[in-house]
Structures are given as C-alpha cells and as structure tokens.
Visitor: 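Pasting in a structure now, in structure tokens, and then I'll have a few things to ask.
Every number for a ligand or one of its atoms is a count from 1 in the order of the listing. The figures that follow rest on heavy atoms only: side chains count, while hydrogens, waters and symmetry mates do not. Just so you know, these numbers come straight off a predicted model, no measurement behind them.
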Amino acid sequence: MTNNQTKELFQRHPKNPILAARDWPYPVNSVFNPGAMLLPDGVTLLLCRVEDRSGHSHLCAARSKNGIDCWQIDPQPTLMPDPENYPEETWGIEDPRITHVPELNKYVIAYTSYSTDGPGISLALTENFQQFERYGFIMLPPDKDAALLPRRIDGHWLMIHRPMSAHGNHIWLSYSPDLYHWGRHQLILEARRGAWWDADRIGLSPPLIETSKGWLMIYHGVRLTASGSLYRSGLALFDREQPERCLLRGDSWVFGPETSYERGGDVPNVTFSCGYTILPDGDTLNLYYGCADSSIALAKASIQSLLDWLDRNGRPPKKEYGIKSGNQRQP
Ligand code: BMA
C-alpha cells in the first residue's frame with residue numbers, strides 16, 4: 001500500500017487536528033479517541049475521551065453543526081467515573097463507542113472501565129447525552145474495544161469486543177438476550193503474527209457499518225517496534241445475518257500515522273478511531289480519530305470505495321494461528 005493509495009481512501013481534513021486540550025473549557029492534559037454520532041437535528045456529537053492531569057480519563061461531549069469546527073464543549077465532564085457505585089471505574093473510563101439502537105430509542109455507549117484488575121467493558125444507555133443509565137461491567141477484564149450492533153440478530157443483541165489472553169489479543173463476538181448477560185462467545189478475527197502490521201494485537205475501532213455487502217469493520221492493528229507500538233487501521237467484511245463469518249480481510253493497512261500530529265504526542269505513532277458519522281448521502285464517512293493520544297482529527301472516506309477496495313484486495317481469512325471457538329450458533 002503506497003501513501004497515494006492510502007490518500008485515495010481517506011482524506012484528512014485540512015483543519016486537523018480539529019480538537020485539542022487547548023480548546024477545553026477546563027484544564028485537561030489531552031483529548032482523543034472520541035465516539036461519534038450524527039444527532040437527529042444534524043448536529044455532530046463527539047463523546048471525547050479526556051485525560052485529566054492526574055492521568056485518569058472521563059468523557060466529555062462536544063457538539064458542532066458542521067462536524068468540523070465551532071465546537072460547543074460541555075463546560076464540565078459529561079460522564080465521570082463513579083468508583084463509589086462502580087468500583088471497576090476506579091482508574092477512569094475510556095474509548096467510548098456509540099451505537100444508536102432504534103428498537104430502544106436510545107444510544108448505547110460501550111466504554112472501557114479501567115479497574116484495578118485491568119480494563120473491562122461497561123455499558124451506559126442515554127437518550128440525550130445528559131442523563132445516563134449505567135449497566136456496569138458487562139465483560140470482565142482484560143477486555144476492551146467493544147461496540148454493540150444496532151439491531152438484534154436471531155432475537156439477540158450482539159457485541160464485538162477484544163478480550164486479551166495468553167493466546168493473543170483477537171476480536172470476538174458475543175450474544176445477549178438483555179444486554180446484561182453475554183454468551184455464545186466466538187472468535188471472529190485473529191491478530192496475525194511475525195512481521196505483519198497487525199501482528200501484536202487487533203481490536204475493533206468504530207462500531208461496524210451495515211452495508212448491502214455485509215458488516216464493514218474498521219479495526220486497528222498494532223505492531224510492536226523497537227521504538228514502541230504502531231497503531232494503524234485495516235478493513236474486514238462480515239456476513240450480514242451471521243456476523244461471526246468473516247467474508248473478506250485486507251492484507252494491507254488503509255490508514256495510519258503520517259502527519260506530525262499523528263506521529264508526535266503523548267503516545268507517538270497512534271491513529272485510533274472510536275467513531276464516525278455517515279452523511280445523508282449514505283456514503284460519505286466522517287471518521288473521527290485520536291492522534292498520538294493527544295488530539296482529535298477527521299478523515300473522510302467513501303463507504304463504497306472501502307468496499308470496492310476490499311473486493312479487490314481482500315480475501316477470506318485463514319484461521320491459522322488462534323484458539324478454536326467451540327461455541328457455534330445454537331439451533
Ligand atoms: C490502546 C487504547 C487506546 C490508546 C492506545 C494507544 O490500548 O488504550 O485508548 O489510544 O492504546 O495508547
């Protein structure tokens with residue numbers, strides 16, 4: 001993948017980075033990895049991960065009419081860790097992914113709770129990004145990079161997530177009848193090994209995108225180098241009615257750190273997306289992403305172009321490395 005090909009798929013906004021700590025109405029260290037949602041009134045909402053100067057993260061909403069500038073940022077944190085009632089949030093809450101769920105008429109936020117036993121996954125539901133109903137820890141540590149699918153399949157809710165184990169850090173899918181109880185865990189995409197760009201670990205980036213060809217996944221892959229981790233993004237496609245079936249996976253990354261604000265920051269060489277909006281044309285994807293754990297940027301892509309790229313460059317993945325998931329679909 002040459003830089004030219006990468007630029008064809010994702011175009012960085014000239015105003016990048018579009019949000020940073022200096023824009024915040026209260027003192028913070030850094031803002032990054034926002035969940036994103038296009039609200040019914042056309043406003044773009046980013047639910048940003050904000051790291052304070054103690055090192056702990058909370059979530060704060062920023063709203064903009066054009067999704068680019070003139071952000072109205074909540075004057076105070078929007079969702080704070082609540083360790084008194086939710087001890088799993090003791091070391092902060094991070095990396096929200098937002099799914100609009102028409103059946104519930106609510107937004108479901110899957111976020112990382114940083115517990116003293118490591119990161120796990122929590123859910124909070126909201127109608128307005130002001131009041132939140134917490135469901136607590138729904139996946140035990142170590143686990144992160146989770147997002148709910150927007151509709152039930154086979155009568156069940158589906159969650160993508162990334163448990164970590166001695167066998168590797170791969171992407172899994174789990175089912176639930178009620179959003180509280182999760183089972184039928186299945187491995188759906190494996191980290192590769194050796195020199196691959198996604199060799200050390202992989203995880204879901206923003207929520208899956210439903211298309212006529214299947215569920216399009218943008219995932220992050222990490223390669224450990226002598227000077228630290230390199231976070232880039234790749235593409236995969238999953239069956240629409242059996243999302244545990246991976247149809248295509250690209251070999252190359254399609255987006256990664258290139259600019260100075262992505263190359264340099266608190267954690268260098270990180271591009272990490274937790275959210276997008278899709279414009280009313282149904283094709284233009286506004287991908288919001290954290291840069292070097294320090295700021296927030298925007299890149300545009302055409303969903304059709306991503307699918308076309310996967311058609312040309314993807315292939316069905318081989319399960320060559322990982323764990324066998326015994327839990328197949330129940331009759
Ligand atoms: C991942 C997550 C992200 C972070 C990235 C780079 O494990 O914690 O929030 O952006 O590491 O530090």
Side-chain angles (χ1 to χ4, degrees), residues 16-21 28-36 46-52 54-60 79 81 88-98 109-122 137 139 141-147 160-165 168-172 189 191 197-207 218-225 227-234 253 255-259 261-276 287-299:
N16 279 350
I18 56 166
L19 279 167
V28 302
N29 172 56
S30 52
V31 299
F32 52 112
N33 302 2
L46 296 185
L47 192 60
C48 309
R49 172 175 171 189
V50 178
E51 192 185 285
D52 67 22
S54 74
H56 300 81
S57 292
H58 62 265
L59 309 182
C60 186
L79 189 64
E88 64 273 13
E89 299 183 359
T90 295
W91 287 339
I93 56 177
E94 307 178 350
D95 299 355
R97 275 91 169 176
I98 311 169
I109 307 165
Y111 58 95
T112 303
S113 287
Y114 195 174
S115 81
T116 52
D117 285 320
I121 294 159
S122 296
F137 234 180
M139 295 286 176
D143 204 334
K144 49 167 64 176
D145 301 327
I160 309 279
H161 58 118
R162 201 283 303 276
M164 293 164 248
S165 78
N169 301 321
H170 312 295
I171 299 179
W172 289 68
L189 199 72
W197 68 273
D198 52 359
D200 181 58
R201 54 188 179 274
I202 58 171
L204 178 71
S205 276
I218 303 176
Y219 71 95
H220 57 268
V222 183
R223 184 179 178 186
L224 282 181
T225 75
S227 16
S229 298
L230 252 169
Y231 277 76
R232 304 179 178 118
S233 302
W253 72 85
F255 191 73
E258 285 181 16
T259 65
Y261 53 87
E262 296 159 352
R263 290 279 185 200
D266 278 359
V267 184
N269 294 313
V270 176
T271 48
F272 195 97
S273 175
C274 293
Y276 55 76
L287 188 75
Y288 293 93
Y289 62 101
C291 309
D293 285 10
S294 295
S295 62
I296 292 172
L298 165 63

Visitor: Checking Arg49 now: which residues fulfil salt bridge (Lys or Arg N to Asp or Glu O under 4.0 Å) with it, not counting sequence neighbours?
Guide: Glu94, Asp95
Visitor: Assign the ring pair Phe255 / Tyr289 to parallel, tilted or perpendicular, where the plane angle (0 to 90°) is split at 30° and 60°.
Guide: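 Geometry flag for Tyr289 against Phe255: perpendicular rings.
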Visitor: Between ligand 1 and the protein, which N/O pairs fall short of 3.5 Å?
Guide:
from: ligand 1; atom 1: 7 (O); to: Lys144; atom 2: NZ; distance (Å): 3.2
from: ligand 1; atom 1: 7 (O); to: Tyr231; atom 2: OH; distance (Å): 3.4
from: ligand 1; atom 1: 8 (O); to: Lys144; atom 2: NZ; distance (Å): 3.2
from: ligand 1; atom 1: 9 (O); to: Asn33; atom 2: ND2; distance (Å): 3.0
from: ligand 1; atom 1: 9 (O); to: Arg49; atom 2: NH1; distance (Å): 2.6
from: ligand 1; atom 1: 9 (O); to: Asp95; atom 2: OD1; distance (Å): 3.2
from: ligand 1; atom 1: 9 (O); to: Asp95; atom 2: OD2; distance (Å): 2.5
from: ligand 1; atom 1: 10 (O); to: Asn33; atom 2: ND2; distance (Å): 3.0
from: ligand 1; atom 1: 10 (O); to: Asp293; atom 2: OD1; distance (Å): 2.6
from: ligand 1; atom 1: 11 (O); to: Tyr231; atom 2: OH; distance (Å): 3.0
from: ligand 1; atom 1: 12 (O); to: Asp293; atom 2: OD2; distance (Å): 2.7

Visitor: List the residues meeting ring-ring contact (aromatic ring centres under 6.0 Å, His included) with Phe32, not counting sequence neighbours, and say none if there are none.
Guide: none
Visitor: Should we say atom OH of Tyr114 is surrounded by more than 12 heavy atoms from elsewhere, each under 6.0 Å from it?
Guide: no
Visitor: Residues in side chain to side chain donor-acceptor pair (under 3.5 Å) with Glu88, at least two apart?
Guide: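 Checked Glu88 against side chain to side chain donor-acceptor pair (under 3.5 Å); zero matches.
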Visitor: So, are Asp145 and Arg97 salt-bridged, with charged N and O less than 4.0 Å apart?
Guide: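 Result for this pair is yes, salt bridge flagged.
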